Amino acid sequence: MAKRIDVSGLSAYYGTFRAIDDISMTIEPRSVTAFIGPSGCGKSTFLRTLNRMHEVVPGARVEGKVLLDDENLYGSGVDPVSVRRTVGMVFQRPNPFPTMSIYDNVAAGLRLNGIRKKGELDSIVEKSLKGANLWNEVKDRLNKPGSGLSGGQQQRLCIARAIAVEPQVLLMDEPCSALDPISTLAIEDLIGELKTQFTIVIVTHNMQQAARVSDRTAFFNLAAVGQPGKLIEIDETERIFSNPTVQATEDYISGRFG
Amino acid sequence: MTTTAPPPTAPPQKTRTVTRPGDRIFSGLSRGSGIFLLVVMAAIAIFLTYRAVQAISKDHGNFLTTFEWNASLNPPVFGVAVLAYGTVVSSIIAMLIAVPIAVGIALFITHYAPRRLGGPIAYVIDLLAAVPSIVYGLWGALFLVPHLRGLNLWLDKYFGWTYIFHKQDPNSAPRSLFTVGILLAIMILPIITNVSREVIRQVPRMHEEAALALGATRWEVIRLSVLPFARSGIISASMLGLGRALGETMAVATVLSASPQLSGHILDPLGGTFSQNIVAKFGEADEFGRDALIASGLVLFIITLLVNGAARIIIQRRKEYSGANA
């Protein structure tokens, strides 16, 4: 259920502005890969190229290849809609559908995939909410609106919604940046459990978080404002935080800039 | 153990907060505007009720169920049954046509049209709102009426069995409630479109991205995120349009061939509306006749209030699920 991601020579543009330049990396299945780097270095943009969400912004385009196992996401004739059904995403701010109940939020993706049978939906919704460590908190109020939950619960609801459709990869764009430390811990624990089933890629500004949850870490940087972001290095998280190869990485993680 | 007097409470201090002249002036102005609105509404309601009571108290028939309107007879005969029916039916027809088209246009401008096309379309819609209603009336009478003859015959032929679309005299001119409804639909299209477009623009990007990231197509994004979020705003927009349709005068008076008959066949050139009746009868009415017309205006006022109240209830009922507490 988890697939390897192989990126080669990937650049992304907003209009004529090149936001990220020539990025190549391999992301192993059933692992957590963290992207760190200063604001504006293109790590979120890069993340959004992995499920073709980048191109929903008017004028945005992508060059290069992203292979999911052996299938190029940017190959001709590939439907971005079906790519997004295989590569799930969790956003910076929790965004459950405000007009839907907790149950309907989790079931939304399943219904898009044509699953309508009540029994089948019930069991997948329960499984997904359990998978997101939210079931015990919401099982008595599945028909209440999702927007009534706390921020941390809403974010776990969004994770439940994303994993309900059993994606190959789960992308997380700063999933804890709007949450308090306790909710953050709950999400981090959850990430540790989810990586046994999914390939997880997480963007974070919190370096301790990257060190805690990830197996590998990629450091992005940009030469100056207005310049494209580049991948500086990617390695085992332990190595990045103890003995990075590149000086800029060490400067960044030790807080000397950024 | 000794009893002690309760600890002396500090004397309540009058705290004076600093208010600045700018704040005071602005709050005075906005409060004044709010009060002004209430005073105007109250003045209209009192005027309508006072004059209406004068007429209705001398009425010999039943005001609400009489068809005929002839206040100059002795004893006077006037009733609002035909007018209420015509007003409501023509407005319903207008809403059935206008709301889906308006929401469609709003979605097209915001989600489908390339930016080069969306701007001009929005501009044309604004122009449509600026056309005076008498111009719509003339266009309706001179263009729409002759050109709707074919559609009328077609509807009568294939949908006559529905009773609604049966035409008693196939050769009569289509100066009917149906034609009025179509004309009203065109007139209320701009306001519904513009308000809906603004509401749809307000849908937060993150809700649309939530649907996109689940693998929703463009239509599914609209169904999952956009329409539920914009729903109450679209209802409000429709109510604004309905308010205009209920009260529209000149366009109806120019197109409709009025007669005091109540017919379920909407293609028949029969019936009337409140405003059309007032504008047709006001000129030749005596003092008493005017009071009677004002009484009919009061009924229209009440119908409008009821419709707005119903819309509020619809919006309120699902407030818990509205986008407002996202």
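Numbers restart at 1 for each chain; the letters A, B, ... are given by sequence-line order, proteins then strands. Note that the structure is predicted; figures quoted are calculated from it, not measured. Every heavy atom of this structure was used, including side-chain atoms; hydrogens, water molecules and symmetry mates were not.
In this structure, Phe274(B) has no ring-ring contact (aromatic ring centres under 6.0 Å, His included) partners at least two apart in sequence or on a different chain. Under the ring-ring contact (aromatic ring centres under 6.0 Å, His included) criterion, Phe36(B) pairs with no residue at all, not counting sequence neighbours.
Open room surrounds CZ on Phe26(B); 12 or fewer heavy atoms of other groups in view lie less than 6.0 Å from it. Heavy atoms of other residues, nucleotides or ligands lying less than 6.0 angstrom from CZ of Arg24(B) number more than 12. Taking a 6.0 Å sphere around CZ of Arg312(B), one finds it holds 12 or fewer heavy atoms contributed by other residues, nucleotides or ligands.
Closest approach of Glu209(B) to Phe91(A), counting heavy atoms only: OE1-CE2, 3.3 Å.
Only the backbone of Val87(A) comes within contact range of chain B, with heavy atoms under 4.5 Å apart. Heavy atoms of Arg52(A) lying under 4.5 Å from chain B are absent altogether. With a threshold of 4.5 angstrom between heavy atoms, Pro94(A) approaches chain B through N, CA, C or O but not through any side-chain atom.
Highest contact tally toward chain B, considering only Arg111(A), Met89(A), Arg48(A), Gln92(A), is held by Arg48(A) [criterion: heavy-atom pairs under 4.5 Å]. If you tally non-hydrogen atom pairs under 4.5 Å between each of Val56(A), Thr86(A), Leu112(A) and chain B, the highest count goes to Leu112(A).
Counting heavy atoms from C-beta outward, Thr99(A) and His207(B) have side chains that stay 4.5 Å or more apart.
Residues of residues 86-98 of chain B never come closer than 4.5 Å to chain A when only heavy atoms are counted. At a heavy-atom cut-off of under 4.5 Å, chain A is reached by Leu212(B), Ala213(B), Leu214(B), Gly215(B), Ala216(B), Thr217(B), Glu220(B), Arg223(B), Leu224(B), Ser225(B) from residues 212-226 of chain B, listed in order of number.
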